[in-house]
2 protein chains.
Amino acid sequence: MNKRGQLSFVADVSTDLWGSGFGEVARRLLTAGVGCFATAGFMATTTRDITAGAGVSPAALYVHFPSKEAVLFEIVLAAHRDSLRVVREVEVCGDPADYLRTLVSHFVAWHARYHVAGRVSQYELSALSAEHFDVIVGLRHRTIEVFHQAIARGRGVGAFPVVDEHRVVRAIVSLGVDLVRWYRDDGADSPAELGEFYGELALGMVQAAGARARPPGDLLAGGAQAANE
Amino acid sequence: MNKRGQLSFVADVSTDLWGSGFGEVARRLLTAGVGCFATAGFMATTTRDITAGAGVSPAALYVHFPSKEAVLFEIVLAAHRDSLRVVREVEVCGDPADYLRTLVSHFVAWHARYHVAGRVSQYELSALSAEHFDVIVGLRHRTIEVFHQAIARGRGVGAFPVVDEHRVVRAIVSLGVDLVRWYRDDGADSPAELGEFYGELALGMVQAAGARARPPGDLLAGGAQAANE
DNA sequence: GTCTATAGCGGGATAGAC
DNA sequence: GTCTATCCCGCTATAGAC
């Protein structure tokens, strides 16, 4: 739809993520960090890359952040906080199907819109310190919980079939998260369009999971699985 | 489930991936490389890590491979070749639904079984040289094509609704690939179980994509939109 | 073909002027 | 708060003995 030249006016949307607690230079460092970490990875990114991207000298980074890892943490923290905010702001309407569809739609649209920061948030977690990692895991649990309650509510009122809730939630979230691996701004789908489409897919997944014949005697299914679930 | 010390008896299944073209030491280096790259990433992995894991001196790596990048390439190449082989070996049976379900099931089970090598294959591509990267992209296209034909065949005989084929294929493959991000060997689901479950989910996704309510006035929905994507 | 030893380089973090 | 200059460590890759 958009013609050539129009991409340049699109500012890096990652800048929307930085809270008011950061000054001008700190925000520029964070934005530069997102780009560097997303394309090259944390370890392959040098502090000189980040500071050059922000237009300051290498030493200036340590005025605003205690370490390179701290820059990564602030990025990952801001992204996880914002995506949690988005799913929590979805109004719990009467129809469970509408609610789940809207929930998935917003979650997916967020990951499409912030796919660059999302890539950093998903793939560079191993570079975080143990303490910082724990903070992020906590936020992830809270996000997952929103989806769990959406499925449980639908099943409670009979709108959804009985499903292996953990597996279905994991699959739906997995589908949304994986966007950050392949989504491109110049692709065919806008974040909103993709969100709507995936909202329908999620409903189809719930129905298919309910229709599925379970293995005989598999009464304990749905237990804990992944470390970062 | 497993207590300490018991993990060591679980042979790394990545060793199944190395072809007969590699000697004993080269295979050990590749296997060690998989573990290192998966946990720390390519850039954070040192040649000392890899050689120590293989039980040889740092210099021995360069007898068997020209560079650290070459070790990564052989790993990624072997993984992509093997997953392509698996989906191609699925027999094209009469029922399109059975075929798609089996296809997804095997694709997913492969990524669960080889999730460690799969993680390297999916997340360390940026560390490859341009030439090596192109080789991998070619293999990925061939894998995607198998799924496209499965959907197209089902639609051709009326077993599947008219869907936005690119979007559906991308979502199904995305779901399978993202396993490598969270799957754990000590989790609740075996590769085969997860494959079966995801096979059902894929069918539900195809149905949901077909049943999806189009925006009002969008009378050209379906074929026309998908055709030129 | 494997080893020890090391060359050569690049990056995280810091010192101190302004 | 930003700069220039630099320390010091650790990494890839190589040299040369065995």
Side-chain angles (χ1 to χ4, degrees), chain A residues 18-76 120 124-133, chain B residues 18-76 120 124-133:
Chain A
W18 320 137
S20 56
F22 294 106
E24 161 67 15
V25 176
R27 287 162 179 259
R28 287 214 309 271
L29 287 166
L30 289 169
T31 301
V34 168
C36 294
F37 295 154
T39 54
F42 178 80
M43 284 297 300
T45 296
T46 70
T47 55
R48 290 162 175 83
D49 294 331
I50 299 171
T51 52
V56 293
S57 76
L61 187 146
Y62 296 91
V63 175
H64 301 277
F65 300 95
S67 67
K68 188 174 85 163
E69 189 267 349
V71 177
L72 174 66
F73 175 62
E74 295 297 342
I75 290 168
V76 177
V120 176
E124 305 299 330
L125 292 179
S126 64
L128 292 175
S129 71
E131 293 75 17
H132 287 165
F133 182 79
Chain B
W18 320 137
S20 56
F22 295 104
E24 161 67 14
V25 176
R27 287 161 179 260
R28 288 213 309 273
L29 287 166
L30 288 169
T31 300
V34 168
C36 294
F37 295 153
T39 54
F42 178 80
M43 284 297 300
T45 296
T46 71
T47 53
R48 290 168 174 83
D49 294 332
I50 300 171
T51 52
V56 293
S57 76
L61 187 147
Y62 296 90
V63 174
H64 301 278
F65 299 96
S67 67
K68 190 174 84 161
E69 190 267 350
V71 177
L72 174 65
F73 175 62
E74 294 297 341
I75 290 168
V76 177
V120 176
E124 305 299 330
L125 293 180
S126 64
L128 291 176
S129 71
E131 293 74 18
H132 286 164
F133 182 78

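Keep in mind the model is a prediction, meaning the values are calculated, not measured. Below, chains carry the letters A, B, ... as their sequence lines are ordered, and counting in each starts from 1.
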Euclidean distance, atom CE of residue A:M43 to atom P of C:dG11 [Å, nearest integer]: 11 Å

Sugar-phosphate, base or nothing in reach of A:T51, heavy atoms under 4.0 Å: nothing

Touch class at under 4.0 angstrom, heavy-atom based, for A:A60 against every strand present: sugar-phosphate

Proximity to the side chain of B:S67 - top-ranked nucleotide from D:dC3, C:dT4, D:dA13: D:dA13

N/O donor-acceptor pair under 3.5 Å between B:R27 side chain and B:G19 backbone: yes

Separation of atom OH in B:Y62 from atom P in C:dA5, rounded to whole Å: 19 Å

Pairwise distance OG(B:S67) to CG(B:L72) - rounded to 0.5 angstrom: 9.0 Å

Sugar-phosphate only, base, or nothing, as touched by B:V63 at under 4.0 Å among non-hydrogen atoms: base

Between C:dA13 (P) and A:K68 (NZ): distance, integer Å: 8 Å

A:H64 NE2 to D:dG1 C1', straight-line distance once rounded to whole Å: 7 Å

Any side-chain heavy-atom pair of B:I50 and B:L29 under 4.5 Å: yes

Atom-to-atom span, CZ of B:R28 to P of C:dG1 - whole angstrom: 13 Å

Between P of D:dA13 and CG of B:D49, the distance in whole Å: 14 Å

Nearest non-hydrogen partners of B:A40 and B:T45, listed with the distance: CB-OG1, 3.9 Å

Atom-pair distance (CD on A:E24; P on D:dG1), nearest Å: 12 Å

Among D:dA15, D:dT6, D:dC3, the one nearest A:V56 by side-chain distance: D:dC3

Length of the CD1-C1' vector between B:I50 and D:dC11, whole Å: 12 Å

Smallest separation among heavy atoms of B:A54 and B:A32, with atom names: N-CB, 3.9 Å

A:S57 vs D:dC3: side-chain N/O to OP1/OP2 distance below 4.0 Å: yes

